[in-house]
Structures are given as structure tokens and as C-alpha cells.
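Quick caveat: nothing in here was measured; it's all calculated off a predicted structure. Numbering of ligands and ligand atoms starts at 1, following listing order. Note that these values count all heavy atoms, side chains included, but never hydrogens, waters or copies made by symmetry.
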Amino acid sequence: MRKKIVAGNWKLNKTFSEGILLAKEVGELSKNEINSDVQLVLCTPYIHLQQVSDIVSDFKNLSVGAQNCSNKASGAFTGEVSVDMLKSIHVEYVILGHSERREYFLETNNMLKEKTDLVLSRSMTPIFCCGETLSQREANIHFSFVTQQLTESLFHLDADTIKKVVIAYEPIWAIGTGVTASTAQAQEMHLLIRNHLATKYGQDVANSISILYGGSAKPSNAKELFACPDVDGGLIGGASLVARDFVDIAKSF
Ligand code: 13P
């Protein structure tokens, strides 16, 4: 059975004290309200990670994730944070290739391949993001664009290793816009991603990989999105900044 995951991507939000409060609130709510088969992940800014890592250890459904890591293992790379640093404070997940990092920080498929390898080599779980722009969708190249992102960054992995990756489909036109992909659009792309994985690795491997949806997911639309057969959870931006909303989304399976 695939893991059900709801991950919150806090992005560039929350001071240290605000973030700690949010993590504790999510923990307390999750304790009584979240089914044991749903994993919540708090993907915080770097400075919150160590403290949030301590907080989540008190809650069985809760994990901590980073939003990025360096594609270098160590050395003279000012301002970077390495996988060893993340591992040393018990970070479990790392978001890789978010569209904002691809767009504003010029991350390439090849760079993301390097990051994926580093994260996996330290036994952490990459949440690998893919997704098209509106103009790519309108030009009907969204399927080929997303499959290329996956192929170039992940398809060097062997079958046992790719099973350890979580994929997040985030159509760029739905991120932070209030426009959510319809259930038909989400299911169509998730199935395409799973079929693409199956072509390379076989159906059993493809069936074992969790594929999350991201883009204006909120309590009011999470239920219908999570009901899609190939949607295994969500990567949540804005709504993850409010504990009640985030936990309500996680209750939507
Ligand atoms: P929103 O939920 O704010 O649209 O953001 C989605 C996202 O980018 C999560 O990584």
C-alpha cells in the first residue's frame, strides 16, 4: 500500500517563534484527529528544522522536512546547507525541485539529479516536484514536459531506489493562485506519471510510489482531490501556515 502523505511547505514564512508555535499546534491537533496511516510532514525554513525535529519526535504521525539542500556534499559553497547537516538533526524529508527554486534559483534537471542522489544516499526521502506552466499546458506540451523532468532527474535510479522517492505534481498555474487543478486534471497527470514510472520500472514499482498533488489545495477541495485513485496526498503551501487548515486537509482522506 502506498503511503498517504500531507506535507506542508512553509516557504519563506514564519519567524522562529511563530514556526515553533505552528509545529506544536499541528502536533497537538494531529494527535487526536489524524488516522495512523497518514503521514504529516512539516517542511520548514532551515532555521526551524532542529527545534521542529525535536517537536515532531513526540508525535507519531509527524515528520520534519527541509525545502532544499545543496547539490554539493561539503566545501567552499557559502550559504549552502548540506545533506549531512540535515541528517545530523534528524531531518527525514527534503523537497527538491520546487518550481520556485527552478524559476528563481535556476535549478536544472541535472542539478536536481545530483540533489536526489545526495538525499537518498543519506537515507532521507526526496519529495521531488514536477509541473508545467500555464503556457505549456495551453500548448499541450504539459505531459512531455513533466515526463522529461522525471526522466532527466530520476530515471538513472534503480528500481529499489526510486521506490524511496515521493513525487509531487504541482502545476505552476495553480500555485498560490487560488486556482486548483480540477480532479480530472490532477488524476490525468498523476496517472500519466504513474504510467511513465511503470514503463521504466514495471507496474509494481510504479504502484508503490506516492504521488502528491500541490497547488491551492485547501480544506474545501482536499477531499475530492484525495479521492482520485492516483492522488496519494498533498504538498500544501498557504494552507499549511494555519494549523487548523493543515490538519483539516490531512483529515480529508
Ligand atoms: P499553495 O498551496 O500556496 O498554492 O502552494 C503550493 C506549493 O507550492 C506547495 O509546495
Side-chain angles (χ1 to χ4, degrees), residues 4-14 18-19 22-23 26 38-46 48-49 52 63-69 91-107 112 115-116 119 124-134 136-137 142 145-146 149-150 153 165-183 185-186 189-190 193 210-226 228 231-253:
K4 295 175 189 167
I5 299 170
V6 177
N9 177 6
W10 292 3
K11 306 190 182 183
L12 185 58
N13 293 295
K14 301 290 177 189
E18 288 167 350
L22 175 58
V26 170
V38 179
Q39 186 68 42
L40 294 189
V41 187
L42 301 178
C43 298
T44 80
Y46 288 132
H48 301 73
L49 286 172
V52 173
S63 296
V64 64
Q67 298 172 19
N68 181 31
C69 67
V91 167
E92 296 153 279
Y93 291 80
V94 185
I95 296 175
L96 293 179
H98 192 282
S99 59
E100 289 148 15
R101 295 218 55 89
R102 293 176 187 264
E103 181 179 354
Y104 306 131
F105 303 97
L106 308 181
E107 296 197 356
L112 294 168
K115 293 188 182 197
T116 300
V119 168
M124 295 185 289
T125 301
I127 301 176
F128 183 87
C129 301
C130 57
E132 80 286 355
T133 62
L134 186 58
Q136 287 167 331
R137 180 167 278 266
H142 48 306
F145 182 74
V146 167
Q149 288 180 319
L150 298 171
S153 298
V165 176
V166 171
I167 292 173
Y169 168 58
E170 298 207 309
I172 295 169
W173 46 272
I175 295 177
T177 59
V179 178
T180 315
S182 68
T183 51
Q185 287 169 324
M189 183 60 91
H190 282 231
I193 291 169
S210 297
I211 307 176
L212 315 183
Y213 168 80
S216 299
K218 38 189 178 269
S220 59
N221 59 27
K223 213 175 192 69
E224 59 179 21
L225 286 164
F226 295 174
C228 297
V231 175
D232 306 308
L235 181 54
I236 317 298
S240 74
L241 301 175
V242 177
R244 182 71 268 164
D245 288 351
F246 184 58
V247 171
D248 279 348
I249 291 172
K251 285 163 70 176
S252 300
F253 285 101

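Distances from ligand 1 to the non-hydrogen atoms of Ala168 include no value under 4.0 Å. A heavy-atom separation below 4.0 Å is found between Gly215 and ligand 1.
Only backbone heavy atoms of Ala174 (N, CA, C or O) come within less than 4.0 Å of ligand 1; its side chain stays farther off. Contacts between Ile175 and ligand 1 below 4.0 angstrom, taking non-hydrogen atoms only, involve backbone and side chain alike. Only the side chain of Lys11 comes within contact range of ligand 1, with a heavy atom under 4.0 Å; no backbone atom does.
For Glu170 and His98, the side-chain atoms include at least one donor-acceptor pair closer than 3.5 Å.
Protein heavy atom closest to atom 7 (C) of ligand 1, with residue, atom name and distance, is Glu170 OE2, 3.2 Å. Ranking the protein heavy atoms by distance from atom 3 (O) of ligand 1 puts Gly238 N, 2.8 Å first. Here the heavy atom of the protein found nearest to atom 2 (O) of ligand 1 is Gly237 N, 2.9 Å.
When atom types are taken as modelled, the side chain of Asp232 and the backbone of Ile211 share a donor-acceptor pair closer than 3.5 angstrom.
Between Thr44 and Lys14, every side-chain heavy-atom pair lies at or beyond the 4.5 Å cut-off. At a threshold of 4.5 Å between non-hydrogen side-chain atoms, the residues Asp248 and Arg244 count as touching.
In terms of polar-atom proximity, Thr177 is not counted as a contact of ligand 1, lacking any N or O under 3.5 Å from an N or O of the ligand. In terms of polar-atom proximity, defined here as any N/O pair under 3.5 Å, Gly176 does make such a contact with ligand 1.
Ring-plane geometry between Tyr213 and His190 is classed as tilted, the angle between the planes lying from 30 to 60 degrees on a 0 to 90 degree scale.
Here Asp245 pairs with Pro219, Ala239, Val242 under the side chain to side chain contact (heavy atoms under 4.5 Å, CB included) rule; sequence neighbours left out. For Ile172, the side chain to side chain contact (heavy atoms under 4.5 Å, CB included) partners are Ser99, Thr133, not counting sequence neighbours.
To the nearest 0.5 angstrom, Asn9 atom CG is 7.0 Å from Glu100 atom CD.
Within the listing of ligand 1, atoms 7 (C), 8 (O), 9 (C), 10 (O) sit less than 4.0 angstrom from a heavy atom of His98.
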